[in-house]
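Okay, structure first, notes after.
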Amino acid sequence: MKYFFGISKKVIAACLVLSIFLSVAICYLSYKSYELSLIDRYTSIASNAIDLGRDIVNGDKLSYYLTSLQKDEKYNETQDLLNKIKEHSDLKYFYVHIPNGKNMQYIFDAYKKSDNIENISTLGKTDLLLSAYDPVNKVYNGESSCEILILDEEYGYLATVIKPVYDSHGKIVAIIGADISMDLVHQKLYEYILQVFTLTIIIVLIFITIVLILAKRFIISPLLTVSDSVSKFVKDKKSLNFSPIKIKSGDEIEILGNSINNMVDDIVRYTNDLKTITAEKERISTELEVAKHIQSSVLPNIFPPFPNRDDINLYAMMRPAKEVGGDFYDFFLIDDDHLAITIADVSGKGVPAALFMMAARTIIKNAGLAKMSPDEIFYHVNNQLYENNQESMFVTSFMGIVNLKTGDLTFANAGHNPPVIIRKDRSVEWMESKKNFVLAGMKNMKFMKQHFKLNQGDTILLYTDGVTEAENKEKQLYSNERLVDFLKNIPDAYRNPNALLKEILKDVDNFANGAQQSDDITMLALLID
């Protein structure tokens, strides 16, 4: 298969991107470094020129020149020397002035032969200080001995150095300034950057060429060998012929080739064993399906369960989290007036829990038919299940015996969730029950027998924690509070046991919103008519 954007192109692209980035970074850093160097260099030249100028200018006579506006021989001599300094130092402007507020009055303004004489400020000319107002006044007031400014104003883009001029008594009498054209600085910068850029391009081209040669030899060619061998193997799916990859590069690509050789060997072995594995999985799946039907048939699943009895309105259901589950419910008549109801949750899930569940259900029902009380039944069941319980499994369970004539309920709770009572007036409450220890957890445990009164029109709801601990995708629990709120607001049309359990299950599924069921969901509801 031909790739639209192969490894070679990707290597070239990566090298180009890296080279461009490095080139830009090098040029930028070089530019900034050289710019600072040039500014320092030229401001140093300007500073030296100013120091020379200060030695030439007679500070005692500056006030006389400015007041009289008369030039003497000394003035002209000083002007000539300042002109030579400006010419020699290649300064843009070189001047001496006295600040007066935001204005300045020129005393000397040096010029070169190439300058336009009309632009030279004459003795006594007044001009604005502009942005240099504060720095100039700092120097003139003795707050600073030197100020260096970078200004872009009507005089141009300039680097300016200003220092004070003293008279013979050490008093500041004027300001001397030197300006360097930043255009000159930038011109030298551009020349330097052009040289750096040209050299960088040459280095980049050499770098890319070397990288491509090395990449093709040590990376691309070995990878193409790997790709060709794998492609041939994939195309020849039936025969599974594979030519082992032979690469001796001594690096990760050699390791990759050897890993692919080992992987192909595993694929061939797996393919040869696949039919056996598939058949075994189908057999296990079939057996689990049979186990599911057996478990379903063991639990009462025909409703109404007592079609000849109008006084028994009951419905129950179980939905295991796996093919088979560890929850169970049961109900049976002990005599014409007493109905036993029970629900339980075995620790764990799957086949082990299902087997333990069937044993627990059988023992509970046999003890119940022997007309034991719930506490006696649990005592007997606990000891039976405890024997040979090498897996340390346990059962939480609730069992009650209802007097169908009076509504009296005798019950025992072995560590299970308390039932919910839905009264005829639509109020909802938890049945007060003392939790005892779980079944099969410890031998000779005693369980408390308790009583509760169910009135006509009341519904008792038994459930396992698969209902209240159902999770949604955000790992939030359905919770006891949501169950009670749902039961309080359920319409009367859904308050018969069959419809009630279906609506609860529907609300749990809506809450889970597609999250995988993590525990068995089991419920039983009995309406006292």
Side-chain angles (χ1 to χ4, degrees), residues 42-151 153-181 184:
Y42 280 102
T43 53
S44 178
I45 291 173
S47 181
N48 292 334
I50 287 175
D51 290 340
L52 286 174
R54 288 200 297 182
D55 292 339
I56 295 169
V57 173
N58 186 346
D60 294 331
K61 296 195 68 174
L62 296 183
S63 178
Y64 165 76
Y65 293 144
L66 192 61
T67 303
S68 64
L69 299 180
Q70 297 295 319
K71 299 178 182 179
D72 56 14
E73 183 178 349
K74 184 62 177 177
Y75 180 94
N76 294 328
E77 181 182 338
T78 302
Q79 180 70 55
D80 290 339
L81 290 174
L82 293 177
N83 292 344
K84 289 178 181 180
I85 293 173
K86 178 180 180 182
E87 185 85 35
H88 177 75
S89 302
D90 200 17
L91 302 176
K92 180 75 173 178
Y93 301 109
F94 191 38
Y95 47 88
V96 177
H97 68 83
I98 296 178
N100 182 15
K102 290 190 176 182
N103 298 319
M104 60 180 177
Q105 285 186 292
Y106 281 95
I107 301 174
F108 294 101
D109 189 8
Y111 55 88
K112 298 184 288 187
K113 294 178 181 179
S114 58
D115 290 340
N116 186 353
I117 197 68
E118 294 180 358
N119 294 330
I120 303 302
S121 297
T122 58
L123 174 63
K125 181 182 177 182
T126 300
D127 209 344
L128 292 174
L129 283 174
L130 301 176
S131 298
Y133 170 71
D134 289 333
V136 168
N137 279 282
K138 283 176 66 178
V139 173
Y140 190 66
N141 294 330
E143 298 174 15
S144 174
S145 61
C146 178
E147 289 287 325
I148 299 174
L149 312 172
I150 306 295
L151 301 173
E153 297 182 335
E154 65 176 282
Y155 299 110
Y157 189 21
L158 304 172
T160 300
V161 180
I162 52 176
K163 291 185 179 181
V165 177
Y166 300 94
D167 61 13
S168 59
H169 301 290
K171 179 183 177 182
I172 299 174
V173 294
I175 294 294
I176 183 169
D179 297 339
I180 298 170
S181 173
L184 177 63

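What you see below is based on every heavy atom in this structure, not just the backbone, and it leaves out hydrogens, waters and symmetry mates. Bear in mind the structure is a predicted one, so any value in this text is a computation, not a measurement.
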Which atom names give the shortest non-hydrogen contact between Ala49 and Ile85, and what distance separates them? CB-CG2, 3.6 Å
Shortest non-hydrogen separation from Gly53 to Leu82 and the atoms involved: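 What the structure gives for the nearest pair is CA-CD2, 3.9 Å.
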Taking side chain to side chain contact (heavy atoms under 4.5 Å, CB included) as the definition, give me every residue that meets it alongside [X], ordered by chain and number, with sequence neighbours left out.
X	value
Ser121	Tyr106, Asp109, Lys125
Asn103	Thr126, Leu128
Ile172	Tyr140, Pro164, Tyr166

Report yes if some heavy atom in the side chain of [X] is under 4.5 Å from a heavy atom in the side chain of [Y]; otherwise report no.
X	Y	value
Met104	Val136	no
Lys61	Asp72	yes
Asn76	Lys71	yes
Ile107	Val57	no
Ile180	Leu91	yes
Glu87	Asn83	no
Ile50	Phe94	yes

Against Pro99, only a single residue in Ile175, Val139, Asn141 fulfils side chain to side chain contact (heavy atoms under 4.5 Å, CB included); can you say which? Ile175
Qualifying salt bridge (Lys or Arg N to Asp or Glu O under 4.0 Å) pairs with a residue from residues 163-181, counting only residues at least two apart or across chains: Asp51-Lys163
Atom [atom1] in [X], atom [atom2] in [Y]: separation rounded to 0.5 Å?
X	Y	atom1	atom2	answer
Leu123	His97	CG	NE2	14.0 Å
Cys146	Lys138	SG	NZ	11.0 Å
Ile162	Ile176	CD1	CD1	11.5 Å

Please walk me through it: do Val96 and Thr78 pass side-chain contact (heavy atoms from CB on, under 4.5 Å)? CA-CA 11 Å; Val96 177; Thr78 302; over 6 Å; no
For Lys112, salt bridge (charged side-chain N to carboxylate O under 4.0 Å, His left out) partners two or more places apart: Asp90
Please, which pairs that meet ring pair (Phe, Tyr, Trp, His ring centres under 6.0 Å) have at least one residue in residues 46-77, sequence neighbours excluded? Tyr65-Tyr75, Tyr75-Phe108
Without swapping roles, check the side chain of Ser47 against the backbone of Thr43 for a donor-acceptor pair under 3.5 Å.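 Between the backbone of Thr43 and the side chain of Ser47 there is no qualifying donor-acceptor contact (under 3.5 Å).
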